[in-house]
Amino acid sequence: MISHYTSGIVNIGDLPVGGNYPIRVQSMTNTDTNDIEATISQTIRLVNASCEMVRITAQGITEANNLAVIKNGLRLKGIKVPLIADIHFNPRAAEIAAGIVEKVRINPGNYTNKRDSHTIFTEKAYEEDLERIADRLHPLLSICKQNGTAIRIGTNHGSLSARIMDRYGDTPEGMVESALEFGRICLLDGFQNVVFSMKSSNVRVMVQSTRLLASKMQAEGMNFPIHLGVTEAGDGEDGIIKSAAGIGALLEEGIGDTIRVSLTGAPEIEIPVALAITERYNTSRKLKASSKADLKIPEPEFFIKRESIAVSGIGGKYPVGVITENEGNKCLVDENLSVTGNLPDHNLHLITVAEGNAEEIRNQLTSKRLGSTKPVILKNIYKTNKLLRFQVDSAIDFGSLLIDGMGDAIWPVAPCIPSETVNHTAFAILQATRARITRTEFISCPSCGRTLFDIEKTVQNVKTATQHLKGLKIAVMGCIVNGPGEMADADYGYVGAGPGKVSLYKGKDVAFKSIPQDEAIPRLIDLIKQSGDWKESIETDPE
């Protein structure tokens with residue numbers, strides 16, 4: 001166990017982030033940054049929905065300069081929300097934006113020399129590359145110091161530099177070191193207005209890399225605030241549960257100072273979900289601060305499933321189950337939400353998961369790794385009649401334990417929510433935490449000013465065509481910036497390549513480049529078939 005991570009305070013404009021301040025909620029516009037009025041209007045809608053920071057893409061010089069016009073337009077309307085420039089590939093755009101907005105987000109993986117021919121880095125080549133990064137970063141840091149601008153160093157799983165990949169691979173360790181290298185450069189330059197983030201569409205990777213980040217920062221005497229988010233979480237229920245499970249697991253451990261829930265669709269829909277998450281913590285944040293010395297968070301380790309024996313279809317090598325009550329009996333539910341056999345009352349551990357006691361349960365179950373091997377059922381009762389509240393709370397309560405391999409079955413009880421909805425949510429939690437895969441996993445970006453097609457409609461069309469392919473991970477990404485990198489471990493990818501053009505990926509390799517969009521889904525199906533991953537749906541199976 002490592003001690004509780006205590007963050008310092010960074011001011012984003014007039015908004016303090018970190019320390020004992022409330023967990024801040026932010027989002028990102030999906031308008032074209034060159035469309036000034038649309039971007040201003042959407043920013044105002046976000047602020048009216050209680051968004052506290054708004055990120056805007058600035059992929060080039062023109063867009064970076066437009067941030068001044070957007071900011072001025074907002075200020076004339078009395079909107080003083082801090083603005084964040086989202087930068088990819090272009091250091092000059094970051095430097096322009098740093099003189100305008102309150103915060104600039106850079107990705108270390110996109111701030112290195114893409115033309116570097118190295119595939120294997122000697123110690124000398126590694127250090128020389130770091131020196132080049134420091135030289136490229138220095139002008140940005142100077143501008144930020146002059147203007148009081150903060151920087152978010154945001155590492156994304158799947159977009160690490162060749163140098164990091166050579167030494168660490170595409171791992172949580174690589175993600176953390178990528179960020180810390182930039183953090184060390186900032187500190188050597190006398191710049192401390194830094195926020196870190198570790199983003200992945202894989203909830204386990206996101207949680208483990210962020211835990212490791214907190215641990216490594218402690219070891220090096222750093223205390224930068226941490227931004228939390230599950231990138232490309234998807235749409236609807238899947239995106240809500242994925243975000244709540246990952247973000248909530250870390251907030252349960254006292255890690256996290258600002259969050260963004262990344263959902264495909266209008267950014268305003270993200271805010272109620274984010275508020276439902278932070279609501280659990282902001283009221284008690286200051287109270288918990290007084291006892292931080294007593295709080296502990298798990299060592300950052302790779303997923304290890306708690307060993308157990310098999311009892312009536314639970315534990316052992318059986319997948320994590322879902323339990324419901326039927327005529328007074330505990331019963332398993334299958335993937336089709338049908339009730340199967342009754343469970344015995346003996347040879348099973350039944351543990352109630354109350355809000356805030358995840359650490360206690362984790363310690364209890366960890367000790368059982370060395371003792372009892374009875375299967376563990378995690379149960380909790382939810383009295384709310386609000387679906388969002390139930391989804392968020394159950395995803396956090398169960399997800400924060402499932403991520404660490406704790407629990408052989410979950411038993412959410414919600415008398416005011418339809419039982420079929422409760423069971424469906426339970427399987428969604430298992431899917432989100434990768435404790436049990438029962439569906440196709442869709443990874444989709446929330447869209448931004450770089451997106452050149454209707455991503456909401458496209459996601460639904462891709463889902464309709466492929467949602468029966470249980471176990472496959474299919475990504476739908478708005479642009480090449482978010483494509484090969486941020487879709488990380490997807491099996492197949494549908495990535496915007498330009499107006500009316502789409503590139504299709506198998507893993508991280510381009511299979512079809514810049515094909516017409518109206519051909520993309522049939523070609524995606526052909527690609528899946530050629531790769532041997534296609535199965536006919538039940539509805540179309542001639543058998």
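Values below: every heavy atom of this structure, side chains too, minus hydrogens, waters and symmetry copies.
Of the charged side-chain nitrogens involved, at least one lies within less than 4.0 Å of a carboxylate oxygen, so that E220 and R184 count as a salt-bridged pair. Under the 4.0 Å criterion applied to side-chain N and carboxylate O atoms, D129 and R132 are assigned as salt-bridge partners. The pair D397-R280 counts as a salt bridge, with a side-chain nitrogen and a carboxylate oxygen less than 4.0 angstrom apart. Remark: R389 engages D393 in a salt bridge, criterion side-chain N to carboxylate O under 4.0 Å. Contact check on K71 versus E102 returns a salt bridge, with a Lys/Arg side-chain nitrogen under 4.0 Å from an Asp/Glu carboxylate oxygen.
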Please tabulate, one pair per line, all N/O donor-acceptor pairs under 3.5 Å involving side-chain atoms of residues 187-197, not counting sequence neighbours.
unit_1: D189; atom_1: OD1; unit_2: K145; atom_2: NZ; d: 3.2
unit_1: D189; atom_1: OD2; unit_2: H138; atom_2: ND1; d: 2.7
unit_1: S197; atom_1: OG; unit_2: R152; atom_2: NH1; d: 2.8

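Each of V101, I84, L83 was compared with R55 under the side chain to side chain contact (heavy atoms under 4.5 Å, CB included) criterion, and only I84 meets it. Evaluated for a side chain to side chain contact (heavy atoms under 4.5 Å, CB included) with M217, the options L180, N223, V176 yield exactly one hit, L180.
Checking side-chain atoms of S178 against main-chain N and O of G174 turns up no donor-acceptor pair under 3.5 Å. A donor-acceptor contact shorter than 3.5 Å is absent between the side chain of D166 and the backbone of A162. The backbone N or O of L250 sits nowhere less than 3.5 Å from a side-chain atom of E253 that would complete a donor-acceptor pair. At distances below 3.5 Å, at least one donor-acceptor pair connects side-chain atoms of T149 with backbone N or O atoms of A98. With hydrogens and angles disregarded, a donor-acceptor distance shorter than 3.5 Å links the side chain of N282 to the backbone of I23. One N or O on the side chain of T39 and one on the backbone of D32 form a donor-acceptor pair closer than 3.5 Å.
When the shell of 6.0 Å around CG of D135 is examined, it contains more than 12 heavy atoms from other residues, nucleotides or ligands. For NZ of K216, the number of neighbouring non-hydrogen atoms (other residues, nucleotides, ligands) closer than 6.0 Å is 12 at most.
The minimum heavy-atom distance linking P225 with D257 is given by the pair CA-OD2, 3.3 Å. Residues G239 and L263 share a closest heavy-atom pair of C-CD2, 3.4 Å. Across every non-hydrogen atom of P108 and T155, the tightest pair is CG-OG1, 4.0 Å. The nearest pair of heavy atoms linking A97 to L67 is CB-CD1, 3.8 Å. In this structure, F398 and N380 approach most closely via the heavy-atom pair CZ-N, 3.8 Å. Of all heavy-atom pairs between Y21 and P16, the closest is CE2-CG, 3.5 Å.
At least one side-chain heavy atom of Y505 sits under 4.5 Å from a side-chain heavy atom of V495. Annotation: side chain of E95 is not in contact with side chain of S142 (no heavy-atom distance under 4.5 Å). K80 is not listed as a side-chain neighbour of D14, based on a closest heavy-atom distance of 4.5 Å or more. In this structure, F182 and I106 have side chains that are in contact, with non-hydrogen atoms separated by less than 4.5 Å.
Side-chain contact, S27 with E270: a donor N or O sits under 3.5 Å from an acceptor N or O. For the residue pair T57/T33, the side-chain donor-acceptor check at 3.5 Å is not satisfied. Counting only N and O atoms by type, the side chains of N30 and Q42 include a donor and acceptor under 3.5 Å apart.
Under the salt bridge (Lys or Arg N to Asp or Glu O under 4.0 Å) criterion, E131 pairs with no residue, sequence neighbours left out.
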